[in-house]
Amino acid sequence: MTNLKKFFDNIEEYIIMVLLPVMVVVVFVATMARYLQLFSLPWSEELARYIMVWLAYIGASLGIKRGAHLGIDALVNALPPKLRVALIFVRTGIILLFTGLVVFYSYQIISHQQRIGQTSPALFIPIWWAYLAVPVGSLMMGIRSIQVFAGDFRNSFARKGGAE
């Protein structure tokens, strides 16, 4: 059970550890082959682009998990504890609303792409595989936001020694 928990606690890192080297190798091989005029990989640019999209959305989730996104800590820390907790609620609510809307609307787009059977131009894969990065990444961002909220909420009360 602990291995499964560790896996899900670090899933963003694992996905990035796989996708980033694949993208680097594909771009490097395609660039060298083109430069040396050996052969052409017409699908390499498309694959690299799709991997980059996946990396961006998974990386955004990792950023939320690590607290790496922009914030105004000086302002938040200057607030009284009750107002700080309220601000944590508002922040998390906005993030969850945004990610929920993104998941909802991207699901509609993906469903449409599945119905019409659209494929990518060079890889000939269902295009919805590439678009799936949007709802998956947004869902992961929502989950990480809830986790960060729970930690911030606990920490705000731990600093104070309990509620007022």
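Values in this document were obtained by computation on a predicted structure and should not be read as measured data.
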| field | Interatomic distance, I95 atom CD1 to I64 atom CD1 [nearest 0.5 angstrom] | value | 5.5 Å
| Is there a side-chain contact between M23 and L55, using heavy atoms and a 4.5 Å cut-off? | yes
| Flag side-chain contact, heavy atom, 4.5 Å: T119 against I127 | no
| said: I need the minimum non-hydrogen distance between L47 and V26, along with the two atoms involved. | reply: CD2-CG2, 3.8 Å
| query | Same hydrophobic cluster for V18 and V24, using side-chain heavy-atom links shorter than 4.5 Å among ILVMFWY? | reply | no
| Are any non-hydrogen side-chain atoms of F7 and I11 less than 4.5 angstrom apart? | yes
| message | Go through it in stages, so that I can follow the logic: the residues are N10 and K65, the test is side chain to side chain contact (heavy atoms under 4.5 Å, CB included), and I'd like the CA-CA distance, side-chain angles, deciding distance and then a yes or no. | response | CA-CA 10 Å; N10 299 304; K65 174 185 164 189; 3.5 Å; yes
| field | Joint cluster assignment, V29 & L20, ILVMFWY side-chain distance < 4.5 Å | value | yes
| request: Evaluate the side-chain proximity of V85 to K82: yes if any heavy-atom separation is below 4.5 Å, no if none is. | output: no
| remark: Those residues at least two apart in sequence (or on a different chain) that pass side-chain contact (heavy atoms from CB on, under 4.5 Å) with M17 are Y14
| Any chain of hydrophobic side-chain contacts (each under 4.5 Å) joining Y105 to V102? | no
| Are the side chain of T99 and the backbone of L96 linked by a donor-acceptor contact shorter than 3.5 Å? | yes
| CD/E13 to CD1/I58 distance, rounded to the nearest 0.5 angstrom? | 11.0 Å
| said: Is it true that, when you exclude Y107 itself, more than 12 heavy atoms of the residues, nucleotides or ligands shown sit nearer than 6.0 Å to its OH? | reply: no
| said: Does anything in residues 32-59 form a side chain to side chain donor-acceptor pair (under 3.5 Å)? List the pairs, not counting sequence neighbours. | reply: E45-R49, E46-S120
Show me the side-chain donor-acceptor pairs of residues 128-147 shorter than 3.5 Å, one per line, residues at least two apart or across chains.
unit_1: S138; atom_1: OG; unit_2: V134; atom_2: O; d: 2.9
unit_1: R144; atom_1: NE; unit_2: E12; atom_2: OE1; d: 3.4
unit_1: R144; atom_1: NE; unit_2: E12; atom_2: OE2; d: 2.7
unit_1: R144; atom_1: NH1; unit_2: Q147; atom_2: OE1; d: 2.6
unit_1: R144; atom_1: NH2; unit_2: F8; atom_2: O; d: 2.9
unit_1: R144; atom_1: NH2; unit_2: D9; atom_2: O; d: 3.2
unit_1: R144; atom_1: NH2; unit_2: E12; atom_2: OE1; d: 2.8
unit_1: R144; atom_1: NH2; unit_2: E12; atom_2: OE2; d: 3.4
unit_1: S145; atom_1: OG; unit_2: M141; atom_2: O; d: 2.8

| query | F39 and L36: same hydrophobic cluster, using ILVMFWY side-chain contacts below 4.5 Å? | reply | yes
| Shared hydrophobic cluster, V22 / V25 (ILVMFWY, side-chain heavy atoms < 4.5 Å) | yes
